[in-house]
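Here the structure is laid out as structure tokens; the discussion comes afterwards.
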Amino acid sequence: MPAAMNLDEQVEYLAKGSVDLIDRKDLRAKLARGKPLTVKVGFDPTAPDLHLGHTVVIRKMKHFQQLGHRVIFVIGDFTGMIGDPTGKKTTRPALTHEEIEENAHTYERQVFKILDPKKTEVRFNNEWLGALGSSGMIKLAAKYTLARMLEREDFRKRFDSHQPISIHELLYPLAQAYDSVALKADAELGGTDQLFNLLVGRDLMREYGLEPQVVLTTPLLEGLDGVEKMSKSLGNYIGITEDPQSIFGKIMSISDELMWKYYLLCTDLTPAEIETWKNRPMEAKKHLARFIITEFHGADAALAADEEFRRVFSERQAPSEVDEKTLPASKEPQFLTKIIVAAGLAPTNKEAQRLVAQGGVLIDEARVDDPKQTIDSRKGKTYLLKVGKRRFARVNFV
RNA sequence: GGAGAGAUGGCUGAGCGGUCAAAAGCAGCAGACUGUAAAUCUGCCGGGCCUUGCCCUACGAAGGUUCGAAUCCUUCUCUCUCCA
């Protein structure tokens with residue numbers, strides 16, 4: 001990271017990969033004072049499993065940190081009671097204090113793989129929002145108008161199409177904005193879906209006689225499918241705490257096209273450096289996978305994952321470590337499909353049948369194509385099963 | 001308070017009383033191919049079964065009409081719209 005950058009270089013460094021920066025001049029002016037900025041990012045307390053999509057904004061926090069600024073990680077234990085209305089259909093259950101505490105710790109463990117713990121503050125917004133009380137809340141609500149709220153695209157659309165908007169949803173942007181007031185934030189970061197909320201922060205700060213914060217948004221990262229944004233509920237995510245082998249495989253499974261976006265948002269390489277990889281996509285993808293695994297699990301794990309990938313997919317050998325399954329022996333031969341299910345290689349018998357019929361099952365390296373295949377399952381028998389490209393198990397009959 | 005619209009498989013979204021385990025797209029899975037779990041192409045895509053044909057579930061819930069209902073009727077639940 002850049003030790004001594006001049007003002008403009010700093011602005012550029014911080015702006016890299018951002019979508020909105022409001023406004024660049026403000027940021028420059030704040031930086032010019034030479035004092036560390038207070039930079040805040042809010043996180044919902046409900047989803048403690050961070051994935052690569054979350055790391056985009058966390059990486060941006062890191063950039064601020066590297067330049068010596070004060071980064072505050074705000075856990076929205078108060079705003080969590082409302083739930084950000086963005087595209088949400090179901091209200092989530094209220095969490096207990098213990099659960100929130102626990103989630104916060106889980107966050108920290110993951111976030112500090114990227115951020116420097118010594119330079120990161122963690123705060124809970126119930127601290128100041130809870131203290132407001134209902135009368136304080138009303139005073140806060142008095143600072144903003146419905147017309148301005150309806151500028152938010154999400155609200156606007158719902159309003160125009162006569163979809164319901166609950167009153168409490170209008171409070172969410174206000175509450176979040178009040179975080180900035182309470183913390184006297186110089187800048188707030190968030191995904192592009194946060195733009196409106198972040199801008200309300202600016203307005204509200206003016207109302208409270210504070211200098212408005214700089215707003216910086218980062219792009220939403222598409223998930224493995226390359227279509228939907230990465231999210232746990234869609235199952236198209238790469239979790240920070242996932243095992244290295246899965247991360248490696250999942251990275252390799254993204255489309256070449258999508259890979260470049262991951263490069264831009266999930267590594268610290270400059271666009272010029274990324275360009276040098278363009279003519280060898282496969283190597284580039286492996287390099288990306290190694291980079292990401294190194295960050296979360298260390299370089300050794302990354303190398304091992306790479307080796308294993310080569311072994312299993314390029315050379316189509318069995319992995320170095322195969323799950324051992326012990327199944328009860330029987331004198332009569334048993335249907336292979338049942339064994340596959342019993343070994344946890346397929347969820348249902350029907351699915352196992354399909355896999356066999358489609359030629360996706362190998363016993364001891366030999367393909368099976370008869371769904372009615374039975375196998376000798378007397379005591380002491382052992383088989384190496386391969387189902388699909390990446391499910392292996394050694395079954396032992398006892 | 002009154003009038004009306006709608007609820008379909010992970011999602012989006014078709015669906016004439018029988019030929020609907022339910023079109024199509026997306027996502028997912030498998031195979032082929034390959035530079036990768038990329039792209040492309042092909043196939044699959046509710047479950048059970050001593051396993052290929054039969055049986056169970058399934059179209060918001062519960063009843064009913066019918067030889068037969070996702071499709072018709074009644075009630076209920078939920079969502080939305082309009083009028084007041």
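These numbers come from a predicted model, not from an experiment. So you know, we letter chains A, B, ... as the sequences are listed, proteins then strands, and number each from 1.
Between B:C45 and B:A23, the distance separating the two P atoms is 11 Å to the nearest Å. Atom C1' of B:G60 sits at a distance of 6 Å from the matching atom of B:A7, rounded to the whole Å. For B:A14 and B:A21, the C1' atoms lie 16 Å apart once the distance is rounded to whole Å. Across the C1' atoms, B:C16 and B:C11 are found 27 Å apart, a figure rounded to whole Å.
Between B:G35 and A:Lys286, no contact under 4.0 Å exists linking OP1 or OP2 to a side-chain N or O. At B:C29, none of the side-chain N or O atoms of A:Arg391 fall inside 4.0 Å of OP1 or OP2 (strictly under the cut-off).
Between the base of B:U36 and the side chain of A:Ser314 there is no donor-acceptor pair shorter than 3.5 Å. For A:Arg354 and B:U51, a side-chain-to-base donor-acceptor distance below 3.5 Å is absent, hydrogens and geometry of angles not being considered. Evaluation of atom-type donor-acceptor distances gives no pair under 3.5 Å for the side chain of A:Lys285 against the base of B:G35.
Between the CG atom of A:Asp225 and the C1' atom of B:G10 there is a distance of 12 Å, rounded to whole Å. We find that CD1 of A:Ile254 is positioned 15 Å from C1' of B:G35, with the value rounded to whole Å. Regarding A:Gln373, its CD atom lies at a distance of 17 Å from the P atom of B:C50, rounded to whole Å.
Among the nucleotides B:A30, B:G48, B:U51, the one closest to any side-chain atom of A:Gln353 is B:U51. Closest to the side chain of A:Lys338, from the set B:U51, B:G47, B:A39, is B:U51.
Among the heavy atoms of the strands lying under 4.0 Å from A:Phe335 is at least one base atom, whether or not backbone atoms are also near.
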